[in-house]
There are 2 protein chains.
Amino acid sequence: MAILGFLRDFPLHGYDLKNRVASLAGHVRPVADGTLYPTIKKLEDAQCLTRRTAPGSVAAPRHMLEITQTGTDQLRRWLRDPEPGFLTDDNKWYVLLAFLHHLENPREQALVLARRREFLDTPAQLFFDEHGAPIPPERLDSPFRKGLMQIHRSTNLTEIDWLDRQIAELNRRAGFTATAKDRA
Amino acid sequence: MAILGFLRDFPLHGYDLKNRVASLAGHVRPVADGTLYPTIKKLEDAQCLTRRTAPGSVAAPRHMLEITQTGTDQLRRWLRDPEPGFLTDDNKWYVLLAFLHHLENPREQALVLARRREFLDTPAQLFFDEHGAPIPPERLDSPFRKGLMQIHRSTNLTEIDWLDRQIAELNRRAGFTATAKDRA
DNA sequence: TCAAGATATATCGTTCTCGAGGTAAAGAAC
DNA sequence: GTTCTTTACCTCGAGAACGATATATCTTGA
């Protein structure tokens with residue numbers, strides 16, 4: 001998803017892509033060569049991207065990669081109907097969010113945000129005692145677990161707040177578009 | 001790490017462990033049977049844990065798992081000197097944090113928190129233009145990328161704040177311990 | 001001139017993880 | 001009594017990811 005998402009902005013070569021993917025996802029999360037290049041080849045085989053060799057501006061020749069219509073469609077499908085992990089795993093979710101603007105319809109964008117919002121609403125219970133009964137934060141003896149739950153709650157609230165404002169804004173825009181269409 | 005960390009609290013059987021690991025890490029991140037059971041076996045082979053069969057309280061018989069001294073030592077090594085990924089990957093970091101209290105020395109605990117703190121201090125640059133120049137949040141046209149960076153900054157500040165307070169508290173306690181030792 | 005270092009792409013073997021499938025025991029439902 | 005569901009454990013094959021390794025190009029500087 002990150003490969004196609006970046007290529008949708010403008011053509012890039014593998015090495016550049018590698019650095020961009022690495023800096024994405026909140027912090028630097030390096031992607032191994034052994035992961036990146038086979039994945040590029042796989043996407044090429046699936047006709048999601050094309051490559052043409054270009055002279056390297058600094059050193060060795062590059063393979064400039066360009067997304068195709070097939071690739072764009074694939075990217076949009078991934079964005080529109082994300083696998084569960086993309087909603088529940090923060091790392092994956094942030095990757096998705098970084099490319100959600102490629103899903104041009106504001107109503108569809110709002111739907112995806114709403115699914116994340118729904119997930120964040122289900123309260124996470126992290127720790128349990130010997131008998132499987134949940135332990136509330138104030139009964140935790142480890143300050144680290146207390147901090148973990150504090151941070152977790154705080155960051156969740158921050159994101160929920162943003163999601164709500166964003167969903168409202170998107171629906172407003174979707175409404176305008178619909179009205180404009182209705183009038184036409 | 002999560003397996004040994006939970007077992008350090010009290011003995012558990014695989015099925016219970018599975019549920020606890022799943023609810024850890026911020027939200028529910030299910031672990032497949034095909035991952036859990038081979039890992040338990042691997043830890044058993046490495047003599048990090050022992051198992052004894054017990055009658056199931058509800059249904060099928062269980063294998064109660066208990067951590068050994070070898071296992072405890074291994075867990076402490078992982079906590080004391082975490083692999084880079086455990087500091088840079090939020091998911092992994094939160095797992096580590098959930099068990100950091102098993103590293104009994106407050107000075108060592110503070111050192112681990114300081115390494116995370118140091119990582120959070122390096123400003124994350126997420127997006128770049130065609131020429132590789134960083135794009136500041138206000139110049140981003142995607143509201144999702146804007147939100148992403150906002151949320152990221154906000155959650156980072158929350159965690160940094162907590163880390164600083166926690167490190168100060170741990171060093172205070174380490175100081176007391178040292179003074180007490182010096183006096184003796 | 002020639003070695004060093006950054007750029008750039010690719011492969012290979014190992015390890016990790018998942019998901020599907022299978023086994024089994026106990027209690028509940030019918 | 002028989003089936004269903006939940007609990008509980010385990011294995012296997014497929015696919016993903018990594019780290020090491022190899023190769024080639026261009027610039028810089030000793």
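Worth saying up front: this structure is predicted, and the values here are computed from it rather than measured. Residue numbering restarts at 1 for every chain, and letters A, B, ... go by the order of the sequence lines. Hydrogens, waters and symmetry mates are skipped; everything else that's a heavy atom, side chains included, is used.
- The side chain of Ala32(A) sits closest to dG19(D) out of dA10(C), dA8(D), dG19(D).
- Of the possible polar contacts, none joining the Arg52(B) side chain to the Met64(B) backbone as a donor-acceptor pair under 3.5 Å is found.
- The interatomic distance linking Lys41(B) (NZ) with dT15(C) (C1') rounds to 18 Å, in whole Å.
- Across the interface with DNA chain C, nearest-nucleotide mapping of Thr35(B) and His13(A) shows His13(A) to be the residue nearer the 5′ end.
- Side chain of Tyr15(B), nearest nucleotide from dG19(D), dC9(D), dA10(C): dC9(D).
- Residues forming a salt bridge (Lys or Arg N to Asp or Glu O under 4.0 Å) with Glu44(A) (at least two apart in sequence, or on another chain): Arg51(A).
- Across all strands, Lys18(A) comes closer than 4.0 Å to no nucleic acid atom at all (heavy-atom distances).
- Scored by the ring-ring contact (aromatic ring centres under 6.0 Å, His included) test, Phe6(A) finds Phe99(A) as partners (sequence neighbours excluded).
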Using atom types as modelled, flag every donor-acceptor pair under 3.5 Å from a side chain in residues 67-74 of chain B to any protein atom, sequence neighbours excluded.
residue: Thr68(B); atom: OG1; partner: Gln47(B); partner atom: O; Å: 2.7
residue: Thr68(B); atom: OG1; partner: Cys48(B); partner atom: O; Å: 3.2
residue: Thr68(B); atom: OG1; partner: Thr70(B); partner atom: N; Å: 3.4
residue: Thr68(B); atom: OG1; partner: Gly71(B); partner atom: N; Å: 3.1
residue: Gln69(B); atom: NE2; partner: Asp73(B); partner atom: OD1; Å: 3.0
residue: Thr72(B); atom: OG1; partner: Arg8(B); partner atom: NH1; Å: 3.4
residue: Thr72(B); atom: OG1; partner: Thr68(B); partner atom: O; Å: 2.9
residue: Gln74(B); atom: OE1; partner: Trp78(B); partner atom: NE1; Å: 3.1

Report all interatomic pairs (protein N or O, nucleotide N or O of nucleotides 22-25 of chain D) with separations under 3.5 Å.
residue: dT25(D); atom: O2; partner: Ala60(A); partner atom: N; Å: 3.4

Under 3.5 Å, which donor-acceptor pairs do the side chains of residues 162-169 of chain A form with other protein atoms, sequence neighbours left out?
residue: Asp164(A); atom: OD1; partner: Arg117(A); partner atom: NH1; Å: 2.7
residue: Asp164(A); atom: OD2; partner: Arg117(A); partner atom: NH1; Å: 2.5
residue: Arg165(A); atom: NH2; partner: Asp161(A); partner atom: OD2; Å: 3.3
residue: Glu169(A); atom: OE1; partner: Arg172(A); partner atom: NE; Å: 3.4
residue: Glu169(A); atom: OE1; partner: Arg172(A); partner atom: NH2; Å: 3.3
residue: Glu169(A); atom: OE2; partner: Arg172(A); partner atom: NH2; Å: 3.2

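- Both Ile151(A) and Ile160(B) are members of a single hydrophobic cluster when ILVMFWY side chains are connected at heavy-atom separations under 4.5 Å.
- Phe86(B) and Leu111(B) end up in different hydrophobic clusters when Ile, Leu, Val, Met, Phe, Trp and Tyr side chains are linked at under 4.5 Å.
- Between Leu12(B) atom CG and dT7(D) atom C1' there is a gap of 15 Å when expressed in whole angstrom units.
- Residues Leu36(A) and Tyr15(A) form no side-chain contact, since every pair of their non-hydrogen atoms from C-beta on lies 4.5 Å or further apart.
- Leu36(A) places its CG atom 14 Å from the P atom of dG19(D), with the value rounded to the nearest Å.
- With rounding to whole Å, Glu83(B) atom CD is found 9 Å from dG19(D) atom P.
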Strictly under 3.5 Å: I want the nitrogen or oxygen pairs between protein and nucleotides 13-16 of chain D, one per line.
residue: dA16(D); atom: OP1; partner: Lys42(A); partner atom: NZ; Å: 3.3

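- Linking ILVMFWY side-chain heavy atoms closer than 4.5 Å, directly or via other members, places Phe144(A) and Phe128(A) in two distinct hydrophobic clusters.
- The CZ atom of Arg20(B) sits 14 Å away from the P atom of dT7(D) (whole-angstrom rounding).
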